[in-house]
Amino acid sequence: MNDTLGDMRRSHHCNALGAADAGAQVVLMGWVQRRRDHGGVIFIDLRDREGITQVVFNPDRNAAVHEKAHAIRSEYVIAVRGVVEKRPEGMTNPLLATGEIEVMVSELKILNRAQTPPFMIEDQVDVNENTRLANRHIDLRRPSLQKNIMMRHRAAAAARRYLNDQGFLDIETPFLTRSTPEGARDYLVPSRLNPGSFYALPQSPQLFKQLLMISGFERYYQIVHCFRDEDLRADRQPEFTQIDMEMSFVGEEDVMAEAEGLIAAIFREVGRIEASPPFARMTYQEAMDRYGLDRPDTRFGLELCDISDIVAESGFNVFSNTVKKGGIVKALNARGCAGFTRKEIDDFTDFVAVYRAKGLAWIRVKEGEWQSPITKFFSEEEKQAMAARLDMQPGDLVFFGADQPVIVNESLGQLRNHLGKKLGLIDENAYAFVWITDFPMFEYDETEKRYQALHHPFTAPAEEDLAKLASDPVSMRSRAYDLVLNGSEIGGGSIRIHQKDVQVRVLEALGMDRAEYEEKFGFLLSALDSGAPPHGGIAFGFDRLMTILCNTSSIREVIAFPKTQKGACLMTAAPASATPAQLSELGLKVRRVEQS
RNA sequence: GGGGGCGUAGCUCAGUUUGGUUAGAGCGCCGGCCUGUCACGCCGGAGGUCGCGAGUUCGAGUCUCGUCGCUCCCGCCA
């Protein structure tokens, strides 16, 4: 039963044959998608990665082979030799690329049997993700996943081709490296040869690619795995892939131009849509002002509007007190939404509460009057100013957020995206790119009572802001840039610090003393002092980019073997406990093991 | 660390609100019949630790508590 290939070798894939091939002797190999046994003639839909071809076993044409075909079941792996025949009149299948023909089988080899699959190899059945991930090798046979994974390959190939042509060198960097402070939690790997010491898996090859610039390679790239031990999301995996690049003797414009060329090359390859650089630009400040988020979805309007100045002295204490305490009041005019029910508005209040907004004020604009619990608190003057600035027309529904800027911007920005979807304002076929520039260099961390780098500590400050390092770090801008596509951050980078003294001053601003930065970044500082060229780069989240290009909602649909939200691999049951012998070799002791 | 959703046949789900006979359906699977189907058709059949564990009760898929897993989100992710 378990035939070997013998002298059979595949002549065509299962989507290759058409009417023009009629009469040809062919050999096809693949998996049995479906068997239709009519008692006499047996039809089999044979599937390989390229498509499906119907093969036919006819007792009148070859009784022995027809007999053998009775044993075939779903997902058996078979090889067939036969003649391509045009299907009889009226028997063609227009839904199949190969629907004009079929292969009349003269020789059958059953290469392997298969258990009945736990779910059907079809796109339309939606299966529990548990079951899918536990049987990922079967899940991956489904056409949609095959398509995603193959598109991912083509995108990666296009990226490599483009970067190779632009003079970038593909250079590998280590996975077993050193834990760096700041940023995400590291995955640690114990060192057997140095008990008690640990490697860290890289969050990104950041410092290595800078060192490669200092070494004189001038242009580097790598499609590389990165690791971050943080909680997962629909768009976040513990290990993920970056298209990472770095260039010497460049400024922002040079990196952004190469990045645009790269993205355009990828889009051209996957044939999705033309991405035509140069992409739009927006400063961080403008993005926050107009959209509330540093990753604005610019496919639709519905922009936020600051009205703090109008309501600063108003009788509505929620607004005026917020402004007095340094907060802001922003509004969002949902055009024509006055018809929303009280229940719907309450749902929006719940929606923004998730982002720590304490409430959501609103005004329904009716002909000649405002319907709202807060209207009575405003003076005529204030109302007129609001109406003018927000262009309030009858039929509009205006939402207000009042709180500290981070909360107002985040909650109203998310509400804006939510409304954009709910109201159908988003053109699903549009690809809206925008560069976000002029990020702040630092932000103040209230819990840790110190400054933190918004991007990372190796990002160069804007040269004209360097003087503020000691006096007013929060007002400094950095030379960082993010590329945003349809409201999703797909890449980010910066011009790096290439002078030791500047790097030292930045590390000091982050609260490190000399002993600490020498211990943690001594190698970098020494390298910067050895003839470091001005350099900068960018990294793209390849999985996220593919999620958008494949038009799917989960990053797991573009990764062959993804992990669950708790970082488990349901196929291999990783992570798993280590044996006492392994632990002992590593000099480790597990403090407590629960469960059984 | 926190909040929401889900877990019943191989798969998708109904049944849970209001506890009560032997837990159902579709698909799939197995067997039989069938020579032109392509979601083939017809007939018959098998298949269940209702995620797991306690508790309440004469009686639990259904109520209570705990727990595990998957998922979405907040925090986190320079």
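Protein chains get the first letters and strands the later ones, always in sequence-line order, with residue 1 at the start of each. As the structure is a prediction and not an experimental result, all values here were calculated from the model.
- Base pairing of C76(B): no nucleotide in any strand meets the Watson-Crick or G-U wobble criterion (both distances under 3.5 Å).
- Among residue pairs with one or both ends in residues 203-214 of chain A, those qualifying as salt bridge (charged side-chain N to carboxylate O under 4.0 Å, His left out) are Lys209(A)-Asp244(A), Lys209(A)-Glu246(A); sequence neighbours excluded.
- Among the protein residues, Arg132(A) comes within range of no part of the nucleic acid, since none of its heavy atoms lies under 4.0 Å from any strand.
- Residue Pro88(A) is classed as a base contact, given a heavy-atom separation below 4.0 Å to a base.
- One atom, CZ of Arg35(A), and another, C1' of G31(B), lie 12 Å apart when rounded to the nearest Å.
- In this structure, Asp350(A) atom CG and C72(B) atom P are separated by 21 Å, rounded to whole Å.
- The gap from the C1' atom of A39(B) to that of A46(B) amounts to 23 Å, rounded to the nearest Å.
- The partner of A25(B), taking Watson-Crick or G-U wobble pairs whose two distances both stay under 3.5 Å, is U12(B).
- In this structure, Asn130(A) reaches the sugar-phosphate backbone alone: every heavy-atom distance under 4.0 Å involves primed, P, OP1 or OP2 atoms, never a base.
- The listed nucleotides are C72(B), G36(B), C70(B); the one nearest the side chain of Ala234(A) is C72(B).
- Contact annotation for Thr459(A): no contact, since no heavy-atom pair falls under 4.0 Å across all strands.
- Using P as the reference atom, G59(B) and G48(B) are 26 Å apart when rounded to the nearest Å.
- Here G55(B) sits opposite C63(B) as a Watson-Crick or G-U wobble pair (both hydrogen-bonding atom distances under 3.5 Å).
- With both ends at atom C1', the span from G41(B) to G51(B) equals 38 Å, rounded to whole Å.
- Whole-Å rounding puts the Leu96(A) CG to C38(B) P distance at 13 Å.
- Among the atoms of the strands shown, base atoms are found under 4.0 Å from some heavy atom of Gln54(A).
- Between Glu122(A) atom CD and G26(B) atom P the separation is 18 Å, expressed in whole Å.
- Arg87(A) comes within 4.0 angstrom of a base, heavy atoms only.
- A salt bridge links Arg136(A) with Asp139(A): the distance from a Lys NZ or Arg NE/NH1/NH2 to an Asp or Glu carboxylate oxygen falls below 4.0 Å.
- Within the 4.0 angstrom heavy-atom criterion, only backbone atoms of the sugar-phosphate kind lie near Asn128(A); the bases stay farther away.
- At a threshold of 4.0 angstrom between heavy atoms, the contacts of Leu454(A) are confined to the sugar-phosphate backbone, with no base atom among them.
- For the P atoms, the distance linking G1(B) with G47(B) amounts to 44 Å, nearest Å.
- Partners of Asp21(A) under the salt bridge (charged side-chain N to carboxylate O under 4.0 Å, His left out) rule, at least two apart in sequence or in another chain, do not exist in this structure.
- Nucleotides of RNA chain B nearest to Gln206(A) and Leu133(A) differ in position, and the one nearer the 5' end is that of Leu133(A).
- For C70(B), the paired base is G5(B) (Watson-Crick or G-U wobble, both distances below 3.5 Å).
- Using a cutoff of 4.0 Å between basic side-chain nitrogens and carboxylate oxygens, Glu519(A) and Arg178(A) are scored as salt-bridged.
- Arg295(A) and Asp482(A) are not joined by a salt bridge, as no carboxylate oxygen comes within less than 4.0 angstrom of a charged side-chain nitrogen.
- Residue-level contact check: Thr92(A) touches the bases, meaning some heavy atom is under 4.0 Å from a base atom.
- Going from atom NE2 of His70(A) over to atom P of C34(B) covers 10 Å, rounded to whole Å.
- Residue contacts shown for Arg233(A) include a base, since a base heavy atom lies under 4.0 Å away.
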